[in-house]
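Note sheet for the following structure.
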Amino acid sequence: MAAPNPHAAALADAFSYLKQLEAASDYTPSSGSPSISTKPSPIPDRTAAPVGRAHATIKAATTIHAILAALRNIDRRGEWDDKHEGIEILQRYDDSKHEVLVHSLRAGQWPVVSKRDFVAISSNIVESDSKAYVVLASVDDSSVAEVKGRVRASIYSMGWIISKDTSQDDAWDLTVYAHVDPNGGLPSAIVQKAVIEGASVVFKFATFFEANFAAEE
């Protein structure tokens with residue numbers, strides 16, 4: 001039997017917040033790419049870090065469950081996530097939703113930005129065969145001590161939204177919303193860059209999936 005989830009309320013709040021970010025219309029497109037945009041923090045009393053959003057398309061005859069499985073594949077995450085330095089699953093809760101507590105290690109950008117880590121609750125929420133969410137949010141957990149040489153980041157909501165593209169055959173829309181504060185007193189320009197980079201992993205994941213998993217379906 002799975003352990004009861006002490007972070008269920010935090011997960012529910014993060015999913016509700018992700019839905020708010022999905023519904024918002026005040027995003028400003030990036031000058032570098034129309035597929036990337038940002039918006040001011042909706043919770044300025046908690047963080048001034050902006051929200052990043054990025055969109056990509058997987059063109060493949062696949063399923064929503066195959067895409068979710070590829071996202072959960074820790075062993076191959078480094079192939080599409082440049083900042084990934086390791087993830088440990090600390091606890092499993094609801095297996096039907098792949099609900100887990102994780103400790104993630106993230107690369108920095110020497111010498112300006114030191115390495116980061118975060119402790120977060122994560123879940124897959126499948127609404128139908130044509131739409132699903134992956135939601136991640138920071139939690140306080142006494143089982144994970146501060147890590148020397150790393151600054152603990154705060155994830156207010158990091159979400160993937162996967163939906164069938166009905167305008168074309170064999171295509172799936174992927175949108176990532178990243179409201180993450182790297183903490184550590186960084187200049188606002190660097191924080192904005194980090195937020196955009198966090199959302200932009202969607203591009204490399206789409207390419208990775210098409211090259212490695214599309215043919216399996």
Side-chain angles (χ1 to χ4, degrees), residues 18 21-22 24-39 49-87 102 104-109 112-113 115-116 118 120 122 124-125 130-137 153 155-182 189-217:
L18 176 58
L21 298 180
E22 180 187 18
S25 59
D26 57 335
Y27 290 89
T28 301
S30 167
S31 58
S33 170
S35 297
I36 304 172
S37 55
T38 60
K39 71 186 298 296
V51 178
R53 180 181 69 178
H55 173 264
T57 300
I58 288 176
K59 295 181 179 179
T62 188
T63 67
I64 206 162
H65 298 286
I67 297 171
L68 289 169
L71 281 170
R72 293 193 303 268
N73 190 333
I74 293 173
D75 293 337
R76 301 193 67 177
R77 187 177 184 106
E79 295 180 46
W80 54 269
D81 183 352
D82 294 339
K83 296 294 186 181
H84 171 73
E85 290 191 337
I87 295 178
V102 300
S104 177
L105 306 179
R106 309 292 295 170
Q109 186 176 343
V112 180
V113 181
K115 295 183 176 186
R116 259 59 183 171
F118 59 79
S122 176
N124 293 181
I125 301 166
S130 60
K131 188 168 186 179
Y133 295 79
V134 178
V135 61
L136 192 76
I155 302 176
Y156 297 97
S157 188
M158 177 85 180
W160 292 68
I161 302 177
I162 306 160
S163 59
K164 189 76 175 70
D165 184 346
T166 57
S167 68
Q168 54 184 319
D169 294 333
D170 300 331
W172 293 84
D173 290 326
L174 306 180
T175 305
V176 171
Y177 293 84
H179 197 192
V180 180
D181 192 332
I190 293 178
V191 172
Q192 172 137 336
K193 182 174 183 291
V195 165
I196 291 173
E197 287 179 348
S200 297
V201 296
V202 70
F203 304 123
K204 289 194 71 173
F205 175 78
T207 301
F208 163 79
F209 186 90
E210 289 177 353
N212 293 276
F213 295 101
E216 296 180 4
E217 292 301 314

Original post:
Is the NZ atom of K59 crowded by more than 12 outside heavy atoms at less than 6.0 Å?
Top reply: no
Original post:
Looking at CD1 of I125 and CD1 of I162, how far apart are the two atoms once the value is rounded to the nearest 0.5 Å?
Top reply: 11.5 Å
Subject >> Polar side-chain atom of R116 near backbone of R106 as donor-acceptor pair, under 3.5 Å >> reply: no
**OP:** Could you pull out the closest heavy-atom pair between V180 and M158, with the gap in Å?
**Re:** CG2-SD, 4.2 Å
Original post:
Can you tell me how far OG of S104 sits from CZ of R77, rounded to the nearest 0.5 angstrom?
Top reply: 6.5 Å
Original post:
What's the spacing between W172 CH2 and I67 CD1 if we round to 0.5 Å?
Top reply: 5.5 Å
Original post:
Does any non-hydrogen side-chain atom of V135 lie less than 4.5 Å from one of S157?
Top reply: yes
Original post:
Looking at side-chain heavy atoms only, is the closest gap between F205 and D81 below 4.5 Å?
Top reply: no
**OP:** Report the distance from atom CD1 of I58 to atom CG of L174, rounding to the nearest 0.5 Å.
**Re:** 4.0 Å
Subject >> H55 side chain near V202 side chain, heavy-atom distance below 4.5 Å >> reply: no
Original post:
Would you call Q168 and T57 a side-chain contact if the rule is heavy atoms closer than 4.5 Å?
Top reply: yes
Original post:
Quick one: are V191 and P50 in side-chain contact, heavy atoms under 4.5 Å?
Top reply: yes
Subject >> Exercise: identify the closest heavy-atom pair between G52 and V195 >> reply: N-CG1, 3.1 Å
Subject >> Step-by-step side chain to side chain contact (heavy atoms under 4.5 Å, CB included) determination, Y27 to V51 >> reply: CA-CA 9 Å; Y27 290 89; V51 178; 4.1 Å; yes
Subject >> Nearest heavy atoms of L21 and H179, plus distance in Å >> reply: CD1-CB, 4.5 Å
Original post:
Run the side chain to side chain contact (heavy atoms under 4.5 Å, CB included) check on R72 and N124 step by step: do they pass?
Top reply: CA-CA 9 Å; R72 293 193 303 268; N124 293 181; 2.6 Å; yes
Subject >> Euclidean distance, I161 CD1 relative to T175 OG1, rounded to 0.5 Å >> reply: 6.0 Å
Original post:
What heavy-atom pair brings A153 and F118 nearest, and what distance separates the two atoms?
Top reply: O-CB, 3.9 Å
**OP:** Tell me, please, which residues at least two apart from D181 pass salt bridge (charged side-chain N to carboxylate O under 4.0 Å, His left out).
**Re:** none
Original post:
Rounded to the nearest 0.5 Å, how far apart are OG1 of T28 and NZ of K39?
Top reply: 9.5 Å
Original post:
How far apart are the closest heavy atoms of G108 and K83, and which atoms are they?
Top reply: O-NZ, 3.4 Å
Original post:
What class does the angle between the rings of W80 and F208 fall in, given that below 30° is parallel, 30 to 60° is tilted and above 60° is perpendicular?
Top reply: tilted
Original post:
Any side-chain heavy-atom pair from Y133 and Y177 closer than 4.5 angstrom?
Top reply: no
Subject >> With E85 via salt bridge (charged side-chain N to carboxylate O under 4.0 Å, His left out) - residues at least two apart >> reply: K115, R150
**OP:** Identify the heavy atoms of R76 and N212 that sit nearest to each other, and give their distance.
**Re:** NH2-OD1, 2.8 Å
